[in-house]
Amino acid sequence: MDLIAKALTKRGYKEDDIKNILHDLISHDNKRKSNQQINDDLKSKIREYSGQIGQLYKEGKQDEASSLKNEVGEIKERIKSYDENDKNLKTKIDNILLSLPNAPHDSVPHGKSEDDNEVIQNWEKPFPNLGSSALPHWELAKKYNIIDFELGAFITGSGFPLFRNKGSKLKRALINFFLDEAEKAGYEEIRPPLMVNEASALATGQLPDKEGQMYHMEKDNLYLIPTGEVPITNIFRNIVLKESDFPLKVTAYTPCFRREAGSYGSDVKGLNRVHQFDKVEIVQISHPDDSYKLLDQMVKHVEELLIKLELPYRILRLCGGDLGFTSALTYDFEVFSAGQKKWLEVSSVSNFEAFQTNRLKLRYKDDKGKTHLAHTLNGSALALARIVAAILENNQTPEGIKMPKVLKKYLNFEIIN
RNA sequence: GGUGAGGUGGGUGAGUGGCUGAAACCACCGGUUUGCUAAACCGGCGUACGGGUAACACUGUACCGCGGGUUCGAAUCCCGCCCUCACCGCCA
């Protein structure tokens, strides 16, 4: 309970709210326990009696049997109310628990908003010097006819850009590059469904927290995935692993769909924030003892990608107030996009500890045969839209936009002009 | 979408409404035995929520796809839903 209070405080909950939540939780739970004890006793009585009734019938003692029957009938009435009570309490408890965010790791800084995030690794080298003629990516996109925002808006709506020509090829190249790098790092590549059911969305914690951020198909009660994390992690729903299975590493390229309700202004200009974007996601299922070591590994992996793409980047540790609902510790990666002179978030690498596995029922047996919850981690490696924006802006020259060398083997051109 | 069959423990697979938390076999774990291996034999082998314990042990309840119902009593009967398989229809 102290842990919950501490966790919520760090996330910026008000003291009174915390008190109320805890009070409800404890009193409901106590009630449920005492309830269950009485109820179990009653049920056990019924089992005993019905056994006896059967016996009595065999012996032909109808009268005794029917008087017992009456007694069972009375007990059943009582059980009914206990059962109902139990159900109510359980849904109350579940609702509270589902609404509680994960507990932040000790290293998570205090703070209310993104302004309080801690820069743990800054960019020390100079930024690209483009002079005064530098264009933002949406103008470059138009100039070279590689992304058509208007056409995307015409077909679907704003925030659904249409990539064409070398823009389209650049995306394909990046996806292949990211997947190849993930494979080299030992991740199994999969192609998951892009829609998930309610159970899956609950298990990874998108529901109930992100209800309004997902596209929902009411008719079939399916959700368009907001990130590959959801289908990938749900591979492991309801599974008991052996200790020797760890770590499990899976990667996938998927489009991601987000409603981004409430966003506006320069934040959503061009590729900065879109409703559909491509992402290569990496996920690890870990032994609890190793998860922070693996988190560092994943951070390293993402950093390596940015270095290879020759993009200026910095790494932030999210503060309590900015930390995602499901995460215990998150590192964000931002790249500097020189046309806008702006940091763009391109990756988020998180350790969820047992938050998701609790909902997933993803456990493992230790050598004594006891089951424990595993840990889950994931990260974007990487999210495409903003990477494309940064590549376009940072690499622009009077002759055209130069492609990063590392993409050479994936592209049949070296410059967009 | 239509019709039919089916969903039982890690797997295969029994199961007349009470003696079934569930046979048997396989897998798995522990043990005995024979030079090793193999085999044979013996024992163990689910999850959740309670009680209990220092921790075990032990113990109550629930769970045979999910949710309801009938009954003194349900894996077993009834209803709804979901899923799987087969065939048909439609279709990239």
Side-chain angles (χ1 to χ4, degrees), chain A residues 1 24-98 100 155 191-203 207 216-224 231 234-246 248 254-255 285 354-374:
Chain A
M1 286 299 152
D24 286 355
L25 209 49
I26 293 168
S27 74
H28 289 152
D29 189 52
N30 285 340
K31 245 184 250 162
R32 196 166 101 85
K33 278 184 190 164
S34 60
N35 216 20
Q36 181 179 349
Q37 224 162 326
I38 301 169
N39 206 8
D40 280 359
D41 284 348
L42 291 175
K43 282 181 179 162
S44 137
K45 203 140 236 167
I46 285 192
R47 291 187 70 154
E48 192 188 323
Y49 283 176
S50 25
Q52 287 176 15
I53 289 169
Q55 197 58 35
L56 287 170
Y57 272 121
K58 260 185 208 158
E59 293 168 8
K61 298 175 180 168
Q62 313 281 342
D63 295 349
E64 289 180 44
S66 51
S67 86
L68 261 186
K69 270 198 205 175
N70 288 336
E71 213 165 313
V72 171
E74 283 170 33
I75 295 176
K76 264 189 97 169
E77 279 307 307
R78 294 173 62 192
I79 286 181
K80 224 183 205 170
S81 75
Y82 278 112
D83 271 346
E84 200 162 310
N85 229 317
D86 183 74
K87 221 180 188 173
N88 287 339
L89 288 168
K90 192 166 183 327
T91 46
K92 275 184 195 164
I93 293 172
D94 284 349
N95 284 340
I96 295 176
L97 290 178
L98 279 177
L100 291 178
I155 296 169
R191 283 243 152 181
L194 303 181
M195 295 186 204
V196 294
N197 57 31
E198 201 177 335
S200 293
L202 264 171
L207 287 177
H216 182 209
M217 259 126 318
E218 242 170 75
K219 199 158 188 181
D220 301 294
N221 199 23
L222 296 174
Y223 295 86
L224 274 174
N234 270 283
I235 293 174
F236 306 101
R237 175 145 53 95
N238 252 322
I239 276 186
V240 181
L241 298 165
K242 295 188 292 264
E243 270 184 313
S244 57
D245 292 335
F246 294 120
L248 291 159
T254 72
I285 313 295
F355 187 85
Q356 291 182 328
T357 52
N358 185 29
R359 290 161 196 235
L360 287 161
K361 298 199 173 55
L362 167 53
R363 293 152 298 174
Y364 70 93
K365 275 196 202 293
D366 65 19
D367 47 7
K368 289 194 188 100
K370 278 221 168 213
T371 52
H372 309 272
L373 293 170

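Naming convention: chains lettered A, B, ... in sequence-line order (proteins, then strands); numbering from 1 in each chain. What you see is a predicted model; the values in this text were computed from it and never measured.
- Distance CD (Q52(A)) to P (C19(B)): 14 Å, rounded to an integer number of Å.
- Remark: C1' of A62(B) and CG of N35(A) are 15 Å apart, rounded to the nearest angstrom.
- Under the 4.0 Å criterion applied to side-chain N and carboxylate O atoms, K45(A) and D41(A) are not assigned as salt-bridge partners.
- Taking atom CD1 of residue I53(A) and atom C1' of nucleotide G18(B), one finds them 11 Å apart after rounding to whole Å.
- Taking atom C1' in both U59(B) and G65(B), one finds a spacing of 30 Å when rounded to whole Å.
- Atom C1' of G6(B) sits at a distance of 14 Å from the matching atom of G13(B), rounded to the whole Å.
- As rounded to the nearest Å, C64(B) and C58(B) have C1' atoms that lie 26 Å from one another.
- U47(B) atom P lies 13 Å from atom CG of N238(A), rounded to whole Å.
- Between K33(A) and D86(A) there is no salt bridge, since no side-chain N of the basic residue sits under 4.0 Å from a carboxylate O of the acidic one.
- Atom CD of E59(A) is surrounded by more than 12 heavy atoms from other residues, nucleotides or ligands within 6.0 Å.
- Residues satisfying the ring pair (Phe, Tyr, Trp, His ring centres under 6.0 Å) test with H216(A), not counting sequence neighbours, are Y223(A).
- Taking atom CG on L362(A) and atom P on U47(B), their separation rounds to 16 Å, with Å as the unit.
- Atom CG of L42(A) is separated from atom C1' of G73(B) by 16 Å (rounded to the nearest Å).
- Taking a pair as Watson-Crick or G-U wobble with both distances under 3.5 Å, the runs of three or more consecutive pairs in RNA chain B are B:1-7 with B:82-88, B:10-12 with B:24-26, B:28-32 with B:40-44, B:46-51 with B:58-63, B:65-69 with B:77-81.
- Within residues 73-84 of chain A, the residues having any heavy atom under 4.0 Å from RNA chain B are, by residue number, K76(A).
- Heavy atoms of L68(A) sit nowhere under 4.0 angstrom from any nucleic acid atom.
- Here K87(A) reaches the OP1 or OP2 of G68(B): one of its side-chain N or O atoms lies under 4.0 Å away.
- Nucleotides U20(B) and G80(B) have their P atoms positioned 32 Å apart, rounded to a whole Å.
- In this structure a side-chain-to-backbone donor-acceptor pair under 3.5 Å is present from D245(A) to K242(A).
- Between R32(A) and N35(A), the side chains place no donor N or O within less than 3.5 Å of an acceptor N or O (distance only, hydrogens not considered).
- For residues 26-84 of chain A, no pair satisfies ring-ring contact (aromatic ring centres under 6.0 Å, His included), with sequence neighbours left out.
- Between S200(A) and V196(A), the shortest heavy-atom distance links the atoms CB-CB, 3.9 Å.
- Rounded to whole Å, atom C1' of U47(B) lies 18 Å from atom OH of Y364(A).
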Generate the contact string for nucleotides 48-61 of chain B. Rules: B means base contact, S means sugar-phosphate contact only, - means no protein heavy atom under 4.0 Å. SBSS----S---BS

Classify every nucleotide of nucleotides 80-85 of chain B by which part a protein heavy atom approaches to under 4.0 Å, writing B for the base, S for the sugar-phosphate alone and - for neither, in 5'-to-3' order. ------

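- Residue K365(A) places at least one side-chain N or O under 4.0 Å from the OP1 or OP2 atom of U47(B).
- Rounded to a whole Å, the CG atom of D63(A) is 16 Å from the P atom of C72(B).
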